[in-house]
Amino acid sequence: MPDDPQPDPNPEPVLDARGVPIPSEQELAAVAEPATVRHAPKYGAFITAGALVGVVVALVLVAIIRPAAPWVSDGSGFISFLDGEGAVRTVMAVAGAVLGGFVGGALAVLADRRSVRRAVRTDV
């Protein structure tokens with residue numbers, strides 16, 4: 001039938017806002033590769049959270065565990081907050097932050113290994 005519309009052998013390409021031609025579904029299917037989708041943890045967030053939790057736990061421990069004889073500051077130190085009980089608080093806070101950071105990093109590594117095992121292959 002001559003009235004049936006025939007597909008144009010050389011269709012005009014569709015352009016996006018920048019004037020770049022948009023590929024057709026067939027062109028995309030020909031170059032598509034399978035992708036692996038996984039939810040990897042953010043190491044920095046795990047380490048920061050671990051360090052903050054470590055500082056809080058260390059300061060709570062210093063507040064709970066008090067010696068029978070108090071640590072007294074005589075003010076003769078170079079830095080006043082590092083005399084007496086302030087020194088214990090500071091050292092424990094730094095130690096708690098370091099230890100908490102390592103624990104947070106270890107948890108991030110475990111979460112990363114778990115995400116690799118649960119990775120899903122999809123055709124994009």
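Quick note: numbers below take in every heavy atom, side chains included, and nothing from hydrogens, waters or symmetry partners. Keep in mind that this is a model prediction, so the values were computed, not measured.
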Next item on the list: Identify the heavy atoms of Y43 and D112 that sit nearest to each other, and give their distance.
Entry: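 Residues Y43 and D112, closest heavy atoms: OH-OD2, 3.1 Å.
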Item checked: Where A111 and P41 come nearest, the two heavy atoms and their spacing ->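 Here A111 and P41 meet closest at CB-CG, 4.0 Å.
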Next item on the list: Using a 4.5 Å cut-off on heavy atoms from C-beta on, say whether the side chain of R113 contacts that of V109.
Entry: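 Yes - at least one pair of side-chain heavy atoms lies under 4.5 Å apart.
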Treating Ile, Leu, Val, Met, Phe, Trp and Tyr as nodes and any side-chain heavy-atom pair under 4.5 angstrom as an edge, say whether [X] and [Y] lie in one connected cluster.
X   : Y   : result
V53 : V56 : yes
V31 : I22 : no
L99 : I65 : no

Item checked: Side-chain hydrophobic cluster, 4.5 Å single linkage: members besides V55 ->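 Taking Ile, Leu, Val, Met, Phe, Trp and Tyr as members, V55 shares its hydrophobic cluster with L59.
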